[in-house]
Amino acid sequence: MEVQVFGVRKSADTRAALRFFAERRIKVHFVDLNERAPALGELRRFADKFGLQALLDRDSRRFAELNSAGRSPHSSD
């Protein structure tokens, strides 16, 4: 079995997920989102499976910055 984990290394949740799989000797393919953004097809697959709202971090600083500037969080920069 092999799993794919998308995240950033500084995230405690990402580190916990990687540790969880390592403890169970499950092979992990880690994608650091600071190094490589997900492809459009990957985002669509996630949105189809989990819903668009699951892709948004409404508590993030960037989300707050976009909202305070009166911009939609899904508009391009």
Side-chain angles (χ1 to χ4, degrees):
M1 177 189 304
E2 183 174 352
V3 296
Q4 190 171 23
V5 175
F6 289 82
V8 292
R9 290 220 183 261
K10 290 184 177 181
S11 166
D13 291 334
T14 300
R15 289 192 314 267
L18 294 172
R19 186 172 45 255
F20 173 86
F21 292 117
E23 289 170 353
R24 287 154 182 81
R25 294 189 174 108
I26 297 173
K27 188 174 179 180
V28 175
H29 175 76
F30 175 62
V31 178
D32 189 338
L33 296 175
N34 284 331
E35 295 176 11
R36 184 183 76 82
L40 183 57
E42 290 169 331
L43 290 174
R44 283 192 178 129
R45 183 171 43 106
F46 295 149
D48 289 345
K49 184 165 182 139
F50 303 110
L52 182 60
Q53 295 303 313
L55 299 179
L56 300 176
D57 182 0
R58 295 184 178 275
D59 297 325
S60 72
R61 183 176 64 214
R62 180 68 173 149
F63 191 89
E65 289 170 354
L66 291 174
N67 283 337
S68 67
R71 296 186 53 198
S72 172
H74 57 273
S75 68
S76 61
D77 285 330

- [ ] State, yes or no, whether a side-chain contact exists between Val31 and Val5 at a heavy-atom distance under 4.5 Å.
- [x]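 SC-SC contact between Val31 and Val5 ruled out.
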
Task: side chain to side chain donor-acceptor pair (under 3.5 Å) pairs, two or more places apart, involving residues 8-24 - done: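 Only Ser11-Thr14 qualify under side chain to side chain donor-acceptor pair (under 3.5 Å).
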
Open item on the list: On a heavy-atom basis, which atom in Ala39 and which in Arg36 lie closest, and how many Å separate them?
Closed with: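 Looks like N-NH1, 4.2 Å.
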
- [ ] Might you point out which heavy atoms bring Asp57 and Phe63 nearest each other, and give the distance in Å?
- [x]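 What the structure gives for the nearest pair is O-CB, 3.5 Å.
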
Task: Spacing of NE2 belonging to His29 relative to NZ belonging to Lys27, to within rounding of 0.5 Å - done: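 That separation rounds to 10.0 Å.
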
Task: Neighbour count >12 (heavy atoms, 6.0 Å) for atom CZ, Arg61 - done: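 Counting neighbours around CZ of Arg61, 12 or fewer heavy atoms of other residues, nucleotides or ligands fall under 6.0 Å, so no.
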
Open item on the list: Quick check on Arg45: does its CZ atom have over 12 non-hydrogen neighbours (other residues, nucleotides or ligands) under 6.0 Å away?
Closed with: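 Yes.
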
Just list the side-chain donor-acceptor pairs under 3.5 Å for residues 47-56, sequence neighbours left out, or say none.
| unit_1 | atom_1 | unit_2 | atom_2 | d |
| --- | --- | --- | --- | --- |
| Gln53 | OE1 | Arg58 | NE | 3.3 |
| Gln53 | OE1 | Arg58 | NH2 | 2.5 |

- [ ] Look at the side-chain heavy atoms of Ile, Leu, Val, Met, Phe, Trp and Tyr, link any pair under 4.5 Å apart, and say whether Phe30 and Val8 land in one connected group.
- [x]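 As far as the 4.5 Å side-chain criterion goes, Val8 and Phe30 are not connected within one cluster.
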
Open item on the list: Count I, L, V, M, F, W, Y as connected when their side-chain heavy atoms are under 4.5 Å apart, and connections chain through other members. Are Phe46 and Leu40 then in the same cluster?
Closed with: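 As far as the 4.5 Å side-chain criterion goes, Leu40 and Phe46 are not connected within one cluster.
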
Task: Results of side chain to side chain donor-acceptor pair (under 3.5 Å) for Ser60 - residues two or more places apart only - done: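 With sequence neighbours excluded, Ser60 shows a side chain to side chain donor-acceptor pair (under 3.5 Å) to no residue whatsoever.
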
